[in-house]
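Every heavy atom of this structure was used, including side-chain atoms; hydrogens, water molecules and symmetry mates were not. Residues take their numbers from the sequence shown, with the count starting at 1.
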Amino acid sequence: MSSSHFENPPILSSTCGEGTVQDFGGLQTYFTGPPHSKLAILFISDAFGYEAPKLRKLADKVAAAGFFVVVPDFFYGDPVVNLSDPKFDLDSWLKAHNTDKGCEDAKAVIAALKSKGVSAIGAAGFSWGGMVVVKLANSTDIHAGVLLHPGQITEEQINDVKIPIAILGAEIDQYSPAEQLKQFGKKLSEKSELDSFVKIFPGVAHGWTMRYSVEDESAVKSAEEAHLDMLNWFTKHVK
């Protein structure tokens with residue numbers, strides 16, 4: 001991952017958002033939305049973690065549509081905060097917070113949602129989180145998945161997808177290049193039993209749904225369009 005992967009990082013805030021934070025499935029988790037809803041959405045963040053204000057704001061927006069939304073801290077209090085810190089080593093951070101462990105932790109959260117009485121679950125993964133959601137999509141633990149500018153995913157993982165999946169990609173993305181995502185879209189469309197959707201957003205780069213500048217009107221518009229596509233996917237398949 002190069003530094004462009006992390007442009008315009010969020011200023012993390014433990015108190016942002018309309019929801020509350022408590023322990024859930026073994027992880028500190030931001031909750032928002034109707035707690036007794038039978039429909040839940042799991043957000044799996046990018047490397048900046050669950051205290052990113054724009055992530056929580058989006059969780060609140062999805063919650064307003066009637067979903068119970070959970071945003072766990074998959075990094076155990078150790079998100080990427082300052083890449084320019086000479087003491088920070090991205091490779092060792094990625095080893096410590098690998099997506100296999102993320103997947104295992106996500107399954108514990110999913111089990112906790114089910115034991116709470118939730119009957120249908122969708123999962124949205126942003127960047128790092130997209131690499132976790134594609135792994136979750138190889139079983140029917142969740143009912144629908146959305147990958148937003150995912151990190152590197154493989155054709156093999158796409159072949160293993162067993163649930164309706166949407167991939168929202170950027171025109172400029174070295175981790176999941178647009179051409180590769182289009183190929184994945186073709187692969188997915190061959191699975192006639194599965195609903196799938198791949199959309200490439202023009203003029204935006206990796207991370208655009210979370211790290212847009214609020215001053216940039218077209219960036220905000222692209223991010224909001226992707227947020228709406230995600231919500232529509234969940235409304236259609238998590239019910």
Side-chain angles (χ1 to χ4, degrees), residues 1 5 23-31 39-52 55 58-59 62 67-80 90-116 118 120-169 175-176 180-181 184 187-188 191 194 196 206-207 209-210 230 233-234 237-238:
M1 292 185 180
H5 187 92
D23 185 81
F24 191 73
L27 297 177
Q28 283 295 296
T29 299
Y30 175 78
F31 292 101
L39 310 176
I41 304 298
L42 166 63
F43 269 19
I44 306 184
S45 73
D46 60 17
F48 295 105
Y50 84 133
E51 292 183 343
L55 182 69
L58 181 55
V62 172
F67 294 103
F68 178 57
V69 186
V70 293
V71 191
D73 175 14
F74 286 95
F75 307 131
Y76 296 86
D78 178 39
V80 170
L90 184 58
D91 288 338
S92 33
W93 185 90
L94 286 165
K95 277 196 192 89
H97 304 294
N98 62 75
T99 52
D100 286 337
K101 173 78 173 108
C103 190
E104 203 180 294
D105 287 342
K107 286 184 173 177
V109 171
I110 289 163
L113 284 169
K114 287 180 177 170
S115 67
K116 186 183 172 305
V118 166
I121 300 167
F126 304 81
S127 307
W128 183 91
M131 298 189 290
V132 176
V133 172
V134 80
K135 290 180 178 188
L136 294 174
N138 70 6
S139 78
T140 50
D141 285 344
I142 56 174
H143 294 76
V146 180
L147 314 181
L148 300 98
H149 42 82
Q152 283 159 338
I153 57 179
T154 65
E155 189 171 327
E156 195 182 345
Q157 289 174 322
I158 291 296
N159 287 338
D160 287 343
V161 166
K162 293 188 177 59
I163 54 156
I165 194 161
I167 305 176
L168 307 178
Y175 309 101
S176 280
Q180 185 191 43
L181 293 182
F184 290 165
K187 281 261 171 224
L188 289 165
K191 294 173 182 264
L194 273 191
S196 62
H206 184 89
T209 69
M210 279 293 114
M230 176 192 75
W233 192 254
F234 289 141
H237 293 290
V238 181

*Could I get the full list of side chain to side chain donor-acceptor pair (under 3.5 Å) partners for Asn138, not counting sequence neighbours?*
none

_Whether the Ser176 and His149 side chains hold a donor-acceptor pair (N or O, under 3.5 Å, no angle test) is what I'd like checked._
no

*Minimum-distance pair of heavy atoms, taken over all atoms of Val238 and Ala40*: CG1-O, 4.1 Å

*Does any donor atom in the side chain of Lys162 or Ser139 lie under 3.5 Å from an acceptor atom in the other side chain?*
no

*Could I get the full list of side chain to side chain donor-acceptor pair (under 3.5 Å) partners for Ser115, not counting sequence neighbours?*
none

*Would you name the heavy atoms of Leu181 and Gly169 that are closest together and state the gap between them?*
CD1-CA, 3.6 Å

*Where Met210 and Leu58 come nearest, the two heavy atoms and their spacing*: CE-CD2, 3.7 Å

_Under the rule for side-chain contact (heavy atoms from CB on, under 4.5 Å), what residues qualify as partners of Glu155, not counting sequence neighbours?_
Asn159, Phe184, Lys187

_Non-neighbouring partners of His143 that pass ring-ring contact (aromatic ring centres under 6.0 Å, His included), sequence neighbours left out_ = none

_Closest contact, heavy atoms only, Ala108 versus Gly25_ = CB-O, 3.8 Å

*Quick one: list whatever passes ring-ring contact (aromatic ring centres under 6.0 Å, His included) with Phe43, sequence neighbours left out.*
Phe126

*Report the C-alpha separation of Leu168 and Thr209 in whole Å, then their side-chain angles, then the decisive distance to 0.1 Å, and conclude whether the side chain to side chain contact (heavy atoms under 4.5 Å, CB included) test is met.*
CA-CA 9 Å; Leu168 307 178; Thr209 69; 5.8 Å; no

*Of Asp160, Ile153, Val161, the residue whose pairing with Gln157 passes side chain to side chain contact (heavy atoms under 4.5 Å, CB included)*: Ile153

*Contacts of Phe24 that satisfy ring-ring contact (aromatic ring centres under 6.0 Å, His included) - sequence neighbours left out*: Phe31

*asked:* Counting C-beta onward and ignoring hydrogens, is there a side-chain heavy-atom pair between Lys116 and Phe68 closer than 4.5 Å?
replied: yes

_side chain to side chain contact (heavy atoms under 4.5 Å, CB included) between Leu39 and Ile121, intermediate numbers included_ = CA-CA 6 Å; Leu39 310 176; Ile121 300 167; over 6 Å; no

*Is there a side chain to side chain donor-acceptor pair (under 3.5 Å) between Ser196 and Lys191 once you walk through the steps?*
CA-CA 9 Å; Ser196 62; Lys191 294 173 182 264; over 6 Å; no

*Test side-chain contact (heavy atoms from CB on, under 4.5 Å) applied to Ala106 - qualifying residues, sequence neighbours left out*: Leu42, Ile44, Phe74, Val132, Leu136

*Output, in order, the C-alpha distance, side-chain angles, deciding distance and verdict of side chain to side chain contact (heavy atoms under 4.5 Å, CB included) for Leu188 and Ile165.*
CA-CA 9 Å; Leu188 289 165; Ile165 194 161; 3.8 Å; yes

_Would you compute the distance between atom NE2 of His97 and atom CG of Asp105 and round it to the nearest 0.5 angstrom?_
11.0 Å

*Only one of Tyr50, Phe48, Trp93 forms a ring-ring contact (aromatic ring centres under 6.0 Å, His included) with Phe75, so which one is it?*
Trp93

_Close side-chain approach of Ile158 and Ile167, heavy atoms under 4.5 Å_ = yes

*asked:* Could you report the tightest heavy-atom contact between Tyr175 and Gln152, atom names first, then the distance?
replied: O-CG, 3.4 Å

*Give a yes or no answer on whether the side chain of Trp128 reaches the backbone of Pro150 with a donor-acceptor pair at less than 3.5 Å.*
no

*Which residue pairs satisfy the salt bridge (Lys or Arg N to Asp or Glu O under 4.0 Å) criterion with at least one member in residues 141-152, sequence neighbours excluded?*
none

*For Leu147 and Gly130, which heavy atoms make the closest approach, and how far apart are they?*
CD2-O, 3.4 Å

*Derivation of the side chain to side chain contact (heavy atoms under 4.5 Å, CB included) call for Thr29 and Asp23*: CA-CA 6 Å; Thr29 299; Asp23 185 81; over 6 Å; no

*For His237, check side-chain contact (heavy atoms from CB on, under 4.5 Å) against everything at least two apart and list the hits.*
Ala144, Pro164, Asp195, Trp233

_side-chain contact (heavy atoms from CB on, under 4.5 Å) partners of Asn98, counting only residues at least two apart_ = Asp100, Lys101

*Kindly write out the residues that satisfy side chain to side chain donor-acceptor pair (under 3.5 Å) with Tyr30, not counting sequence neighbours, or none if the list is empty.*
Asp60

